[in-house]
Amino acid sequence: MSCSLVISVIIPITNVLPDLAGPEASVAELTDFICAAQIAKSADAYLPHESKLPNIYIENGTHKKRKFYECEILKRKKQRGYGSNSFGGDNETIRLPKPMIGFGVPSEVTELCPVFHRALPDAAIGPPYFYYENVALAPKGVWDTISRFLYDVEPEFVDSKYFCAAARKRGYVHNLPINNRFPLLPLPPRTIHDALPLTRKWWPEWDTRTKLNCLQTCIGSAKLTERIRKALERWDGVPPLNVQKYVLDECRKWNLVWVGRNKLAPLEPDEVEMLLGFPRNHTRGGGISRTDRYKSLGNSFQVDTVAYHLSVLKDLFPGGINLLSLFSGIGGAEVALHRLGIRLKNVVSVEISEVNRNIQRSWWEQTNQTGNLIDLADVQQLNGDRLEQLMNSFGGFDLIIGGSPCNNLAGSNRVSRDGLEGKESSLFFDYFRILDLVKCIMGRQQ
DNA sequence: TTAACTATGAACGGTATA
DNA sequence: TATACCGTTCATAGTTAA
């Protein structure tokens, strides 16, 4: 991975541009430089054809790159106004809605069904359509930065507990229409008891949970559930309140469910698949370990939620779509589109994990897809020439979808919750880079 | 029997929101 | 105050191959 190079790039840039960010540069200015540096690491890839670009880019050697950075920085500054702050400032604009239903959820699941209207900024209007996803509860300022880069589109925050039996608080930035959405059918079970009927028999009255918490990448251990069992066995009947609280705290933390008398267990991989809207055994086979199944699933989309947002594409593209899927994981976007009945004509899927690529490839074959699947490993290697070559072969992308790594944003991370500049999460800037490149190329082709 | 590799268990706070 | 969180790291058990 060349991510580690990013950090080393940041310092020289602040040094070579003292007029813009000297040692006294504010946090906001430095943040801009960092953002620019993320793009800069792929600056050559960013520029598709020098001959087609404005003169400012056409200079010799490294000077070209420097001009490019300057241009980017000034553009960002102009966009948001000088002096605003991306981190920890008190002038943040983006707040999480309550209830977290974004621009609406299927009317069957809530009484609250306000009619939303939104006007997209001109720069955000496609083609292509784009759809970006990440954790809602990111450090302060992260969603402001994401939104600013993605053409100032307002994020849509949705908790998947309105679609299935497990919570999943996520933000989505997209330029799709928001009217006339429809959900996947059948609607998935929305309570723990409906989703996991076998647990009903053992569920004690004092465990009042009806929804699971967010399905994460790790599960509770057998030792933990054994400890809980022993703690409960000391009491015949209802345990005292302090024991109840201990057990419930662990249940909530690890998403444990009741599978026997005094017996709790973490969800099985196929239960996680079901809750997230994937076909049973989607992640099975191909030599993947149980641990890795949890990891791949924990990193994935909730299919029903994403499909609801993507459903508007069905009427727009009756003949099917060409899809660029970045950080595609186990193929949540592809599964969502397939379940919506939208034909996948050409899919360029970029995913760093080999087992995930295998999972997606075998799903592609099992579902008898008639389109063409091209899988690539590294978004950082996807440059303008390769994109243009791909797009020339089938006429551009209709949708660019992806959820970039959340490792450095997620609340569970006690070690490296470094925000968008973190090692993995900085790949967001590659999502933006590639999206902007495709917009640029498609704009030229029209 | 080793050694190398793989899978699992357990400990590890802090931020943000209500 | 209470609750939730697409996680990381290291030790060790378990497995494979020579």
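Proteins come first, then strands; the chains are lettered A, B, ... in the order of their sequence lines, and each starts at number 1.
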> Tell me, which pairs form a ring-ring contact (aromatic ring centres under 6.0 Å, His included) where one or both residues lie in residues 177-196 of chain A, sequence neighbours left out?
Replying inline: A/His193-A/Trp203
> Mind checking what makes side-chain hydrogen bond (donor to acceptor under 3.5 Å, both in side chains) contact with A/Ser349, not counting sequence neighbours?
Replying inline: A/Ser328, A/Gln360
> Partners of A/Arg200 by salt bridge (charged side-chain N to carboxylate O under 4.0 Å, His left out), sequence neighbours excluded?
Replying inline: A/Asp194
>> Taking the nucleotide of DNA chain B with the nearest heavy atom to each, does A/Pro139 or A/Ile288 sit closer to the 5' end?
In response: A/Ile288
>> Using a heavy-atom cut-off of 4.0 Å across all strands, would you classify A/Cys218 as base, sugar-phosphate, or nothing?
In response: base
> Which side chain to side chain donor-acceptor pair (under 3.5 Å) pairs, counting each pair once, include a residue from residues 266-275 of chain A, with sequence neighbours left out?
Replying inline: A/Glu268-A/Arg290, A/Asp270-A/Arg280, A/Glu273-A/Thr283, A/Glu273-A/Arg293
>> So if I take every side-chain heavy atom of A/Arg417 and compare against B/dT15, C/dA4, C/dG7, which nucleotide ends up nearest?
In response: B/dT15
>> By nearest heavy atom, map A/Gly220 and A/Gly411 onto DNA chain B; which one lands nearer the 5' end?
In response: A/Gly220
> Under 6.0 Å from the six-membered ring centre of A/Phe130 and within 45° of its axis: does the NZ or CZ of A/Lys439 meet both?
Replying inline: no
>> Does a side-chain N or O of A/Asn407 approach OP1 or OP2 of C/dG7 to a distance below 4.0 Å, or not?
In response: no
> Any side-chain N or O of A/Asn213 less than 4.0 Å from the OP1 or OP2 oxygen of C/dC5?
Replying inline: yes
>> Under the side chain to side chain donor-acceptor pair (under 3.5 Å) definition, can you give me all pairs with a residue in residues 211-224 of chain A, not counting sequence neighbours?
In response: A/Gln216-A/Ser412
> Do any of residues 243-260 of chain A sit with a heavy atom less than 4.0 Å from DNA chain B, and if so which?
Replying inline: none
>> Which label fits A/Phe397 and A/Phe394: parallel for a plane angle under 30°, tilted from 30 to 60°, or perpendicular past 60°?
In response: perpendicular
>> So if I take every side-chain heavy atom of A/Lys140 and compare against C/dA4, B/dA16, B/dC12, which nucleotide ends up nearest?
In response: B/dA16
>> Once salt bridge (charged side-chain N to carboxylate O under 4.0 Å, His left out) is applied, do any residues pair with A/Asp207, and if so which ones, sequence neighbours excluded?
In response: A/Arg209
> When the distance from CZ of A/Arg414 to P of C/dT9 is rounded to whole Å, what number comes out?
Replying inline: 13 Å
>> For a quick check of understanding: with a heavy-atom distance under 4.0 Å over all strands, which category does A/Ser404 fall into, base, sugar-phosphate or nothing?
In response: base
> Heavy atoms under 4.0 Å, any strand shown: does A/Arg168 hit a base, just sugar-phosphate, or nothing?
Replying inline: base
> So, is A/Ser221 close to the B/dA10 phosphate, meaning a side-chain N or O under 4.0 Å from OP1 or OP2?
Replying inline: yes
> Of the nucleotides C/dC6, C/dC5, B/dG13, which has the atom closest to the A/Val135 side chain?
Replying inline: C/dC6
>> How many whole angstroms separate atom CH2 of A/Trp143 from atom P of B/dT17?
In response: 14 Å
> Which letter, B, S or -, goes with each nucleotide of nucleotides 10-17 of chain C from 5' to 3', with contact meaning a protein heavy atom under 4.0 Å?
Replying inline: --------
> What's the CG-C1' distance between A/Leu212 and C/dT3, to the nearest Å?
Replying inline: 16 Å
>> Test: salt bridge (Lys or Arg N to Asp or Glu O under 4.0 Å). Region: residues 339-356 of chain A. Which pairs qualify, not counting sequence neighbours?
In response: none
>> Counting only side-chain heavy atoms from C-beta out, which of C/dC5, C/dC6, B/dG9 sits nearest to A/Lys223?
In response: B/dG9
>> Going by the rule salt bridge (charged side-chain N to carboxylate O under 4.0 Å, His left out), which residues pair with A/Asp375 if we only count those two or more places apart in sequence or in a different chain?
In response: A/Arg361
> Quantified in whole Å, what is the P atom distance between nucleotide C/dC6 and nucleotide B/dA18?
Replying inline: 16 Å
>> Expected output check: what is the dot-bracket annotation of DNA chain B, where ( ) and [ ] are pairs inside the strand (brackets for crossing ones), | is paired with another strand, and pairs are Watson-Crick or G-U under 3.5 Å?
In response: ||||||||||||.|||||
>> So if I take every side-chain heavy atom of A/Val415 and compare against C/dC5, C/dG7, C/dC6, which nucleotide ends up nearest?
In response: C/dG7
> Is any side-chain heavy atom of A/Leu310 closer than 4.5 Å to a side-chain heavy atom of A/Tyr131?
Replying inline: yes
>> Tell me which pairs pass salt bridge (Lys or Arg N to Asp or Glu O under 4.0 Å) where either residue lies in residues 165-183 of chain A, with sequence neighbours left out.
In response: A/Glu133-A/Arg170, A/Glu156-A/Arg181, A/Asp159-A/Lys169
> Below 4.0 angstrom from OP1 or OP2 of C/dG7, is there any side-chain N or O of A/Gln216?
Replying inline: yes
> Is there side-chain contact between A/Asn255 and A/Cys251, with heavy atoms separated by less than 4.5 Å?
Replying inline: no
> Base, sugar-phosphate, or nothing for A/Asn299, non-hydrogen atoms under 4.0 angstrom?
Replying inline: base
